[in-house]
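Only heavy atoms go into these numbers, but all of them, side chains included; no hydrogens, no water, no symmetry mates. None of these values were measured; they are calculated from a predicted model.
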Amino acid sequence: MTLKLDKVSRGPNLSTLVASSISREIAQGRLKPGDQLPTEQKLALTFGVSRNVIREAIARLRSEGRIWSQQGRGAFVADEPNATVLTIDYDALQQASAFRSLFELRGILEVQAAALAAQRRTDADIAAMREALETMTNVPYGSVTWLTTDLNFHKTVASATGNAYMLQFLTFVSERVRDSILASGNQKKSEELARVTIGEHQLILDAIEAQQPDAARQAMLAHLSGAARRVGLSDEPIG
């Protein structure tokens with residue numbers, strides 16, 4: 001078995017890059033169904049990353065149905081792709097059109113999620129949103145930590161819908177959006193953008209807390225349209 005694996009570029013999304021590289025080996029037939037992957041230690045040396053990064057990449061591939069693993073034996077390529085598992089190819093998202101399409105999908109889901117959250121939220125949900133928003137205000141805008149806490153805020157909104165599938169889908173899509181933003185490095189940083197973005201999130205929270213579905217829907221739409229412009233997408237509204 002001759003694999004074409006190279007060291008990955010340094011960055012905050014190394015596990016995504018590793019998972020994408022292994023997925024490519026599977027898609028191109030160099031890793032076949034039933035083949036055993038190299039050990040964690042060997043993969044870590046090959047990619048030039050830590051074993052923790054390899055474990056995260058393997059966990060992602062396992063969740064996507066591309067591999068299966070067994071303690072004490074290692075990881076193996078799945079016999080056949082699981083058609084019921086949703087996957088979004090990392091390399092494809094480097095294309096602007098694919099990234100925009102993913103952002104549109106996020107908008108469709110999140111705008112409705114905000115309206116549902118306004119109808120169904122609990123006091124605990126509001127407390128979780130406030131905590132997530134407060135955390136965002138205390139970290140550098142545009143940083144890895146900022147993007148992670150931003151994602152956490154949106155997770156609290158999805159959770160407030162009471163729909164587990166909504167939370168699952170939004171988490172999946174939003175994580176891919178975050179990974180693509182980190183990879184592109186086109187998240188502009190400024191105190192003014194931080195103020196505007198925090199304000200957009202506050203309006204979402206206020207509408208959900210007031211149990212006003214239409215206002216929550218509009219606040220989320222305005223935020224996502226603004227976010228699209230901030231990451232270099234067109235000025236057209238998202239969602």
Side-chain angles (χ1 to χ4, degrees), residues 86-89 92-93 95-137 141-142 146-182 184 186-188 192-239:
L86 176 63
T87 61
I88 297 178
D89 184 71
L93 286 181
Q95 302 175 22
S97 59
F99 181 54
R100 177 175 176 80
S101 293
L102 184 64
F103 219 96
E104 283 183 338
L105 174 60
R106 179 191 177 193
I108 292 168
L109 293 171
E110 292 221 51
V111 168
Q112 184 59 23
L116 288 175
Q119 295 172 326
R120 303 172 179 175
R121 62 64 166 182
T122 65
D123 290 343
D125 292 324
I126 296 300
M129 290 179 210
R130 284 177 179 160
E131 182 178 356
L133 187 55
E134 182 177 356
T135 302
M136 285 179 65
T137 64
Y141 177 79
W146 168 282
L147 290 171
T148 299
T149 54
D150 188 346
L151 175 59
N152 288 340
F153 177 87
H154 288 270
K155 283 182 180 179
T156 64
V157 173
S159 179
T161 68
N163 185 323
Y165 296 117
M166 182 74 78
L167 175 59
Q168 182 179 356
F169 270 71
L170 273 176
T171 297
F172 178 84
V173 172
S174 296
E175 284 179 347
R176 272 57 185 180
V177 169
R178 178 195 59 186
D179 289 346
S180 294
I181 292 173
L182 289 173
S184 67
N186 64 353
Q187 177 79 335
K188 299 177 182 178
E192 175 61 18
L193 287 178
R195 184 189 66 76
V196 169
T197 307
I198 289 293
E200 291 171 355
H201 285 82
Q202 185 65 58
L203 290 175
I204 295 168
L205 171 54
D206 290 344
I208 292 175
E209 183 173 15
Q211 296 186 298
Q212 297 176 339
D214 289 340
R217 186 182 290 110
Q218 290 303 314
M220 181 63 79
L221 179 58
H223 166 57
L224 293 176
S225 294
R229 291 190 293 273
R230 288 189 286 272
V231 297
L233 294 177
S234 72
D235 290 336
E236 298 173 16
I238 296 293

For this session: Show your working on side-chain hydrogen bond (donor to acceptor under 3.5 Å, both in side chains) between Thr122 and Asp125 and close with a plain yes or no.
Result: CA-CA 5 Å; Thr122 65; Asp125 292 324; 3.1 Å; yes
For this session: Take Gln218 and Asp214 through the side-chain hydrogen bond (donor to acceptor under 3.5 Å, both in side chains) test and state the conclusion after the steps.
Result: CA-CA 6 Å; Gln218 290 303 314; Asp214 289 340; over 6 Å; no
Problem set entry | Candidate pair Arg230 and Glu200, rule salt bridge (Lys or Arg N to Asp or Glu O under 4.0 Å), full reasoning | CA-CA 13 Å; Arg230 288 189 286 272; Glu200 291 171 355; 2.7 Å; yes
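By the 4.5 Å heavy-atom criterion applied to side chains, Lys155 and Ser174 are not counted as neighbours. In this structure, Leu116 and Met166 have side chains that are in contact, with non-hydrogen atoms separated by less than 4.5 Å. Here the side chains of Leu221 and Ser225 are in contact, with some heavy-atom distance below 4.5 Å. Here the side chains of Thr197 and His223 are in contact, with some heavy-atom distance below 4.5 Å. At least one side-chain heavy atom of Val157 sits less than 4.5 Å from a side-chain heavy atom of Met220.
Heavy atoms only, all atoms of each residue included: Thr161 and Ala113 are closest at CG2-O, 3.3 Å. Closest approach of Ala160 to Ala117, counting heavy atoms only: CB-CB, 3.8 Å. Between Ala118 and Ala207, the closest heavy-atom pair is CB-O, 4.2 Å. Between Met136 and Phe153, the shortest heavy-atom distance links the atoms SD-CB, 4.3 Å. The shortest non-hydrogen separation linking Ala114 to Arg217 is CB-N, 4.5 Å.
Atom-to-atom distance recorded for Ile198:CD1 and Leu203:CG is 11.5 Å, nearest 0.5 angstrom. Taken to the nearest 0.5 Å, the CD1 atom of Ile108 stands 11.0 Å off from the CG atom of Leu224. Separating the OG1 atom in Thr171 from the CG atom in Asn152 is a distance of 9.0 Å, to the nearest 0.5 Å. To the nearest 0.5 angstrom, Ile208 atom CD1 is 11.0 Å from Gln119 atom CD. Annotation: the span from Asn163 atom CG to Phe169 atom CZ amounts to 10.0 Å, rounded to 0.5 Å. Distance check, rounded to the nearest 0.5 Å: OG1 of Thr137 to CH2 of Trp146 gives 8.0 Å.
For the pair Arg106 and Phe103, the cation-pi criterion (under 6.0 Å, within 45° of the ring axis) is fulfilled.
Among residues two or more places apart in sequence or in another chain, the side-chain contact (heavy atoms from CB on, under 4.5 Å) test is passed with Arg130 by Ile126, Leu205, Glu209. Residues passing the side-chain contact (heavy atoms from CB on, under 4.5 Å) test with Ala128, sequence neighbours excluded: Thr156.
Classification of the His154-His201 ring pair by plane angle, with boundaries at 30° and 60°, yields perpendicular.
When the shell of 6.0 Å around CD of Gln211 is examined, it contains more than 12 heavy atoms from other residues, nucleotides or ligands.
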